[in-house]
A.B. asks: 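The following block contains the structure, expressed as structure tokens.
Counting starts at 1 for both ligands and their atoms, in listed order.
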Amino acid sequence: MQIAPKGEQARNNTALPKAMTLIEALPWLERFHGKTVVIKFGGNAMVDEDLKAAFAQDVVFLRYAGLHPVVVHGGGPQISAQLDRLGLETSFTNGLRVTTPETMDVVRMVLAGQVQRELVGLLNEHGPFAVGLTGEDAHTMTAVKRYAVVDGEQVDIGLVGDIVNIEAGAVKALIADGRIPVISSIARGADGHVYNINADTAASALAAALGAEMLVVLTDVEGLYADWPNSDDVISQLSASELEKMLPDLASGMLPKMEGCLRAVRSGVGTARVLDGRVQHSLLLEIFTDEGIGTMVVPDDEASVLGGLA
Ligand SMILES: Nc1ncnc2c1ncn2[C@@H]1O[C@H](COP(=O)(O)OP(=O)(O)O)[C@@H](O)[C@H]1O
Ligand SMILES: CC(=O)N[C@@H](CCC(=O)OP(=O)(O)O)C(=O)O
């Protein structure tokens, strides 16, 4: 038996703000309970050990809160570092890595063998939740060769793929079993090759195939800047049509990200959000508090409705 000293329980009322923070989450818990959230964790957001641990906490929190989180991870900087160590040069066209067969071996090794393993390990510090797979497993992702377009011309960028089919059965089975799938952006080609898929593109295609409520892209900027690199004004919300108009002017890594967000909402995903992965617990702040952060892309027909809720 434990007896609280006189007055202690009343003093505990100072804990009220904590209760209010939890209560603030209630409408969002009601809205998102049982819903699938695909979270893309970018390589640039993965640079700090504390941030990675906080990310794992957030994802497991979502799972305990009754959502179905699915993680698709990147690892661009980690791939580049490994290529550098091996003395192999690398370059990007329209934000996509030119991928020779030799580069592809390194991409596969770093994404599936290093980055995915690390995330699975961090998540599983909290329980037997995370199961890692690549798009190759169980035909989860099938791709065809993708070409870049530069000045109107098709450019061959090697073993870079675009996803043409998703068999979501394995991922759905893991979700139904209470697991957290952690997926590397590599796909099998119907032609027998293995393809390097931009992780934003992979997350977006998977979110669409799963009929996800939300696609969340964690990166190393606050969101989509209206006039990058001249100003750091972040666009807090925009409709699919507004985003479509901006796409031709977007540069480097933001292009596949915002293309992915557009494709996701056009394919039925409720909203797509780009968040600053450098802010600890940005995922929880975005999903469970009234202060939305980052950039939210909403379907055209819901722009005004969701604007009021965000
Ligand atoms: N309009 C924009 N708003 C924000 N960032 C932009 C924009 N255009 C280009 N960028 C660049 O895109 C980068 C994010 O893409 P990327 O480096 O591929 O990140 P990740 O590894 O998270 O996928 C930013 O760090 C920034 O340099
Ligand atoms: C085709 C292509 O560019 N693939 C990416 C895959 C990893 C990725 O997308 O990682 P981030 O999300 O950290 O950028 C690459 O090779 O870097």
Side-chain angles (χ1 to χ4, degrees), residues 39-48 51-52 55 71-84 88 90-100 102-112 114-116 119 134-135 141 143 145-148 155-163 183-187 193-205 216-236 238 242-243 245-261 273-278 282 294-295 297:
I39 305 144
K40 190 270 173 154
F41 195 34
N44 275 316
M46 273 181 222
V47 285
D48 179 287
L51 282 175
K52 278 190 276 195
F55 170 77
V71 177
V72 177
H73 68 86
Q78 293 79 355
I79 296 167
S80 295
Q82 184 62 22
L83 287 167
D84 194 44
L88 297 170
T90 195
S91 65
F92 289 82
T93 303
N94 290 352
L96 301 168
R97 186 185 306 275
V98 178
T99 306
T100 63
E102 207 176 17
T103 306
M104 188 63 228
D105 284 344
V106 178
V107 169
R108 208 178 189 189
M109 185 176 82
V110 172
L111 292 185
Q114 180 192 326
V115 179
Q116 183 210 87
L119 287 176
T134 82
M141 294 174 185
K145 184 174 166 67
R146 172 174 182 171
Y147 290 84
V155 178
D156 190 340
I157 49 174
L159 291 168
V160 174
D162 218 353
I163 295 175
I183 300 162
S184 310
S185 57
I186 304 163
H193 289 300
V194 177
Y195 283 102
N196 181 11
I197 313 292
N198 173 274
D200 300 310
T201 312
S204 152
V216 182
V217 180
L218 286 168
T219 184
D220 65 343
V221 281
E222 291 158 275
L224 177 64
Y225 295 132
D227 183 22
W228 187 83
N230 304 315
S231 110
D232 56 4
D233 289 339
V234 176
I235 300 175
S236 56
L238 76 172
E242 286 168 331
L243 173 57
K245 286 194 202 102
M246 282 186 74
L247 279 186
D249 298 323
L250 291 182
S252 63
M254 238 336 120
L255 181 60
K257 232 174 273 312
M258 299 318 299
E259 272 175 351
C261 288
R273 303 158 193 234
V274 178
L275 304 185
D276 194 342
R278 300 165 306 174
S282 53
T295 299
V297 184

A.B. asks: Do me a favour and list the nearest non-hydrogen protein atom to atom 19 (O) of ligand 1 with residue, atom name and distance?
C.D. replies: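 Ranking protein heavy atoms by distance from atom 19 (O) of ligand 1, first comes Thr219 OG1, 3.3 Å.
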A.B. asks: Quick test of your reading of the structure: of Met254, Met258, Lys257, Met46, whose heavy atom lies closest to atom 5 (N) of ligand 1?
C.D. replies: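 The nearest heavy atom belongs to Met254.
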A.B. asks: Give me the nearest non-hydrogen protein atom to atom 18 (O) of ligand 1 as residue plus atom name, then the distance to 0.1 Å.
C.D. replies: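 Result: Gly253 CA, 3.3 Å.
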A.B. asks: May I ask you to check whether Arg97 and Ser80 show a side-chain donor-acceptor distance below 3.5 Å?
C.D. replies: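 Indeed, the side chains of Arg97 and Ser80 share at least one donor-acceptor pair under 3.5 Å.
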A.B. asks: Is any side-chain heavy atom of Leu51 closer than 4.5 Å to a side-chain heavy atom of Met46?
C.D. replies: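 When only atoms from C-beta onward are counted, Met46 and Leu51 do not touch, as no gap falls below 4.5 Å.
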A.B. asks: Under a 4.0 angstrom heavy-atom cut-off, which atoms of ligand 2 come close to Ile197?
C.D. replies: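 Here the atoms of ligand 2 in question are 4 (N), 6 (C).
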A.B. asks: Contact between Val297 and Met258 at the side-chain level, heavy atoms closer than 4.5 Å - yes or no?
C.D. replies: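 The answer is yes, as the side chains (C-beta and beyond) meet within the 4.5 Å cut-off.
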A.B. asks: Using heavy-atom distances, let me know which of Asp220, Thr295, Asp233, Asp249 sits nearest atom 24 (C) of ligand 1.
C.D. replies: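 Selected option, by shortest heavy-atom distance: Asp220.
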A.B. asks: State the atoms of ligand 2, each with its element, that fall below the 4.0 Å cut-off from a heavy-atom position in Leu96.
C.D. replies: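 Under 4.0 Å from Leu96, ligand 2 has these atoms: 3 (O).
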A.B. asks: Just to be sure I read this right, does ligand 2 sit under 4.0 Å from the backbone of Asn196, its side chain, both, or neither, counting only heavy atoms?
C.D. replies: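 The answer is both, backbone and side chain.
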A.B. asks: Using a strict 4.0 Å cut-off to heavy atoms of Gly42, name the atoms of ligand 1 that fall inside it.
C.D. replies: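 Those atoms are 22 (O).
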A.B. asks: Heavy-atom contacts with Gly43 under 4.0 Å: which atoms of ligand 2 show up? List them by number with element.
C.D. replies: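 The list of qualifying atoms is 11 (P), 13 (O).
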A.B. asks: Should Ala251 be listed as contacting ligand 1, given a heavy-atom distance under 4.0 Å as the test?
C.D. replies: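 Yes, that is the case, since the closest heavy atom of the residue is under 4.0 Å from the ligand.
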A.B. asks: Do Leu218 and Lys40 touch side chain to side chain, with heavy atoms closer than 4.5 Å?
C.D. replies: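 They are not in side-chain contact.
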A.B. asks: Which atoms of ligand 1 sit under 4.0 Å from any heavy atom of Leu250?
C.D. replies: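 Numbered from 1, ligand 1 contributes 1 (N).
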A.B. asks: Is Ala45 in contact with ligand 1, taking contact as a heavy-atom separation below 4.0 Å?
C.D. replies: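 Under 4.0 Å: no for Ala45.
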A.B. asks: Taking only heavy atoms of Ala199, which atoms of ligand 2 are found under 4.0 Å from at least one of them?
C.D. replies: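 Near Ala199, the atoms of ligand 2 are 8 (C), 9 (O), 12 (O).
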A.B. asks: Atoms of ligand 1 less than 4.0 Å from Asn44 heavy atoms?
C.D. replies: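 Contacts of ligand 1 toward Asn44, numbered from 1: 16 (P), 17 (O), 19 (O), 20 (P), 21 (O).
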A.B. asks: Decide whether the shortest distance between a heavy atom of Met246 and an atom of ligand 1 is less than 4.0 Å.
C.D. replies: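 Checking ligand 1 against Met246, which is what was asked, there is no heavy-atom contact under 4.0 Å.
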A.B. asks: Only one of Val194, Ile197, Val160 clears side chain to side chain contact (heavy atoms under 4.5 Å, CB included) with Thr99; which?
C.D. replies: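 Exactly one option meets the side chain to side chain contact (heavy atoms under 4.5 Å, CB included) with Thr99, and it is Val160.
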A.B. asks: Using distance alone, determine whether Gly75 and ligand 2 share an N or O pair under 3.5 Å.
C.D. replies: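 In this structure, Gly75 places an N or O atom under 3.5 Å from an N or O of ligand 2.
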A.B. asks: So if I count the atoms of ligand 2 from 1 in the order they appear, which ones are less than 4.0 Å from some heavy atom of Gly74?
C.D. replies: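 Result: 8 (C), 10 (O), 11 (P), 12 (O), 13 (O).
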A.B. asks: Scan Thr134, Ile183, Ile186 and name whichever one has a side chain to side chain contact (heavy atoms under 4.5 Å, CB included) with Met141.
C.D. replies: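 Only one option passes, and that is Ile183.
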A.B. asks: Is there at least one pair of N or O atoms, one from Gly76 and one from ligand 2, spaced under 3.5 Å apart?
C.D. replies: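 So ligand 2 has an N or O lying under 3.5 Å from an N or O of Gly76.
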A.B. asks: State the atoms of ligand 1, each with its element, that fall below the 4.0 Å cut-off from a heavy-atom position in Val221.
C.D. replies: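 Answer for ligand 1: 4 (C), 5 (N), 24 (C), 25 (O).
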A.B. asks: Hey, which atoms in ligand 1 end up nearer than 4.0 Å to a heavy atom of Gly223?
C.D. replies: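 Those atoms are 3 (N), 4 (C).
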A.B. asks: Determine whether any heavy atom of Lys40 lies closer than 4.0 Å to an atom of ligand 2.
C.D. replies: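 A heavy atom of Lys40 does come that close to ligand 2.
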A.B. asks: I need the nearest protein heavy-atom contact for atom 27 (O) of ligand 1: residue, atom name and distance, please.
C.D. replies: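 Looking only at protein heavy atoms, the one closest to atom 27 (O) of ligand 1 is Trp228 CZ2, 3.2 Å.
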A.B. asks: Should we count CD of Glu102 as having more than 12 external heavy atoms under 6.0 Å?
C.D. replies: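 For Glu102, atom CD is not crowded (no more than 12 foreign heavy atoms under 6.0 Å).
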